[in-house]
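Owing to the predicted nature of the structure, the values given are computational and were not obtained by experimental measurement. All residue numbers refer to positions in the sequence shown, counting from 1.
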Amino acid sequence: MFKPGGICATGGHWRAGCPSPVCSKMPYFAKLLLLIFCLVLLVESRKHRRRRWTSQAEMQRASRIYNKNNDVTKTWKGRTEQLLRVDDHDFTMRPAFGGPAIPVGVDVQVESLDSISEVDMDFTMTLYLRHYWKDERLSFPSTTNKSMTFDGRLVKKIWVPDVFFVHSKRSFIHDTTTDNIMLRVFPDGHVLYSMRITVTAMCNMDFSRFPLDSQTCSLELESYAYTDEDLMLYWKNGNESLKTDEKISLSQFLIQKFHTTSRLAFYSSTGWYNRLYINFTLRRHIFFFLLQTYFPATLMVMLSWVSFWIDRRAVPARVSLGITTVLTMSTIITGVNASMPRVSYIKAVDIYLWVSFVFVFLSVLEYAAVNYLTTVQERKERKLRERFPCTCGIPHSKTMMLDGNYSESDANSLAGYTRNQMVLEEEKQEKMVVHLAMSNESNSSRKRGLKGHVGLRIIQNTHAIDKYSRLIFPGTYIFFNLIYWSVFS
């Protein structure tokens with residue numbers, strides 16, 4: 001095939017218009033792949049040109065926005081010390097040195113009240129402490145009156161108030177991930193200096209009503225070097241200067257209120273200083289101590305009363321019960337005092353525990369008295385039986401009953417005596433009645449031996465002590481509880 005009018009090969013030579021032998025022999029799909037490759041190259045080149053045009057447009061737009069901001073605080077390309085002229089002033093001296101006292105306002109935001117220790121008599125608090133003052137040496141030009149914010153690295157190069165915590169035991173500035181310090185400088189020279197601090201300070205606690213007590217603690221702030229003639233420390237917004245987190249809570253205490261006060265503190269060697277106080281009142285939760293102290297002590301006292309219903313002859317049972325309750329009360333008292341400081345005055349819980357201990361101890365003494373009187377009774381009964389071995393020579397109506405048992409017929413046969421004059425037997429072997437009645441009708445020998453009318457009645461009833469104790473001990477303890485809770489609650 002060849003185009004008309006073309007040049008073809010003749011005699012071994014090619015002429016124009018004849019198809020190439022390579023082209024004529026190239027397959028159709030190879031031509032298709034070549035065409036697709038050319039199209040891909042064309043598309044990629046266009047994407048690259050579009051990307052370059054977009055980046056140039058964004059740079060031009062950013063440059064226009066940047067040129068609109070002429071504030072020197074945002075466009076300053078030199079060192080901060082040069083902008084604030086830190087090197088031009090001596091910041092080892094306070095602002096307006098030699099003049100009136102510089103006012104330094106303070107406000108505090110309490111982040112958490114971490115712990116209250118009765119043993120160490122201290123508390124731990126985490127707070128944000130902020131200072132406000134004016135130092136004209138730090139003023140700088142600004143068209144929009146915007147402030148500059150720095151971290152703790154600039155603090156070491158300028159003057160800051162030397163506020164410390166009075167009566168603090170430990171304190172530190174948080175440093176995770178960097179020092180938690182902020183310094184904000186305004187164009188007119190006003191400065192805001194903020195720190196995040198955890199401090200452990202002393203709290204004088206009164207435990208005379210423990211655990212039904214309320215404690216008031218204070219965190220005190222004061223300048224260390226500057227007296228009131230050089231630095232006037234004050235709450236910036238009064239009571240509004242103290243903010244607290246609503247989620248603050250303690251396991252043993254209810255936080256009732258926070259408030260601020262201020263006064264002057266005098267040191268004989270240095271003078272007068274302004275002192276600020278963060279006061280807070282804590283009321284102790286009583287439910288924990290009811291479960292751990294009051295209820296166990298009350299149950300031990302009630303357990304000691306069980307011995308009043310046990311037979312007085314069951315010596316092992318009553319003695320072991322009494323000793324167990326005494327030892328348990330001793331353990332409760334020791335456990336309570338182990339978690340308390342060794343104060344020299346009596347606490348409210350001491351009154352309750354020691355009175356309960358006395359009740360338990362008296363129940364042991366009560367059985368000792370019952371056992372002793374029972375022994376004395378048995379001795380007397382034995383002596384009477386040895387003295388009067390028989391009833392010979394005495395009329396039946398005047399029989400001596402020495403064995404402690406008598407029938408109603410014997411009682412009615414006693415001449416001249418009514419039943420009201422006899423002590424009836426309530427339980428077996430609980431009562432011994434010895435009645436000796438000698439009248440004028442008795443024989444002369446017995447009459448001369450006893451010398452007239454003699455009536456002898458010996459009543460020994462040791463079981464009555466237990467019966468009275470069943471009423472006296474609970475009634476007295478209930479009365480004590482009424483007085484105790486009405487006074488201390």
Side-chain angles (χ1 to χ4, degrees), residues 208-212 286-340 345-381 404 423-432 458-489:
S208 58
R209 298 178 63 90
F210 176 87
L212 305 167
I286 187 60
F287 188 71
F288 171 81
F289 296 94
L290 288 177
L291 293 179
Q292 299 295 325
T293 303
Y294 286 97
F295 284 168
T298 304
L299 291 177
M300 287 301 105
V301 175
M302 297 174 64
L303 183 62
S304 67
W305 300 339
V306 176
S307 64
F308 302 150
W309 277 266
I310 300 177
D311 188 3
R312 58 193 171 95
R313 296 180 182 84
V315 177
R318 296 189 66 164
V319 170
S320 61
L321 180 60
I323 297 300
T324 300
T325 53
V326 169
L327 293 178
T328 305
M329 284 301 305
S330 301
T331 303
I332 294 175
I333 294 174
T334 303
V336 172
N337 291 329
S339 60
M340 295 295 298
Y345 50 85
I346 298 176
K347 304 181 290 293
V349 68
D350 293 335
I351 297 176
Y352 193 90
L353 292 179
W354 280 105
V355 170
S356 300
F357 182 84
V358 169
F359 270 88
V360 172
F361 188 73
L362 287 178
S363 67
V364 178
L365 294 182
E366 185 269 349
Y367 177 64
V370 169
N371 186 268
Y372 174 75
L373 293 178
T374 302
T375 304
V376 172
Q377 172 188 344
E378 292 176 353
R379 290 177 182 175
K380 289 183 179 181
E381 182 180 353
V423 179
L424 299 179
E425 183 181 26
E426 295 181 358
E427 294 182 10
K428 290 183 179 181
Q429 302 301 328
E430 292 293 335
K431 189 178 296 183
M432 179 185 73
I458 302 174
I459 302 176
Q460 295 289 344
N461 188 2
T462 56
H463 184 65
I465 299 178
D466 284 340
K467 295 168 73 173
Y468 294 143
S469 298
R470 296 171 190 173
L471 299 177
I472 294 175
F473 274 74
T476 308
Y477 194 70
I478 292 174
F479 180 71
F480 160 73
N481 274 270
L482 292 176
I483 296 178
Y484 179 88
W485 293 108
S486 62
V487 170
F488 289 103
S489 61

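- In this structure, Gln292 CD and Phe287 CZ are separated by 10.0 Å, a value rounded to the nearest 0.5 Å.
- Just one of Ile351, Ile483, Ile286 meets the side chain to side chain contact (heavy atoms under 4.5 Å, CB included) condition when paired with Phe488; it is Ile351.
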Pairs of donor and acceptor atoms involving the side chains of residues 324-333, under 3.5 Å and at least two apart or interchain, shall be tabulated with distances.
unit_1: Thr324; atom_1: OG1; unit_2: Ser320; atom_2: O; d: 2.7
unit_1: Thr325; atom_1: OG1; unit_2: Leu321; atom_2: O; d: 3.2
unit_1: Thr325; atom_1: OG1; unit_2: Gly322; atom_2: O; d: 2.8
unit_1: Thr328; atom_1: OG1; unit_2: Thr324; atom_2: O; d: 2.8
unit_1: Ser330; atom_1: OG; unit_2: Val326; atom_2: O; d: 3.0
unit_1: Thr331; atom_1: OG1; unit_2: Leu327; atom_2: O; d: 3.0

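- Taking the six-membered ring where tryptophan is involved, the planes of Phe210 and Phe289 are perpendicular, since the angle between them exceeds 60° and thus also 30°.
- Asn371 contributes atom CG, which lies 11.0 Å from atom CZ of Arg313 (distance to the nearest 0.5 angstrom).
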For the pair Phe308 and Ser363, evaluate side-chain contact (heavy atoms from CB on, under 4.5 Å) and give the outcome as yes or no after the intermediate values.
CA-CA 8 Å; Phe308 302 150; Ser363 67; 4.0 Å; yes
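- Atoms CG and CE, from Asn337 and Met340 in turn, are 8.0 Å apart once rounded to the nearest 0.5 Å.
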Can you check side-chain contact (heavy atoms from CB on, under 4.5 Å) on Val301 and Phe473, steps first, answer last?
CA-CA 9 Å; Val301 175; Phe473 274 74; over 6 Å; no
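- In this structure, the separation between CZ on Arg379 and CD on Glu381 is 13.5 Å, given to the nearest 0.5 Å.
- Looking at Val364, Ile310, Asp311 one by one, the single match for side chain to side chain contact (heavy atoms under 4.5 Å, CB included) with Arg318 turns out to be Ile310.
- Taking 4.5 Å as the limit, some side-chain heavy atom of Tyr294 sits within range of a side-chain heavy atom of Pro211.
- Within the structure, the side-chain hydrogen bond (donor to acceptor under 3.5 Å, both in side chains) test picks out the following pairs touching residues 345-358 (sequence neighbours left out): Thr298-Tyr352, Lys347-Asp350, Tyr352-Tyr477, Tyr352-Asn481, Ser356-Tyr477.
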Evaluate the side-chain contact (heavy atoms from CB on, under 4.5 Å) criterion for residues Trp309 and Asp466: first the C-alpha distance (whole Å), next the side-chain angles of each, then the deciding distance (0.1 Å), finally the verdict.
CA-CA 7 Å; Trp309 277 266; Asp466 284 340; over 6 Å; no
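- Atom OG of Ser307 is separated from atom CZ of Arg470 by 10.0 Å, given to the nearest 0.5 angstrom.
- Between Thr476 atom OG1 and Leu362 atom CG the span is 9.5 Å, to the nearest 0.5 Å.
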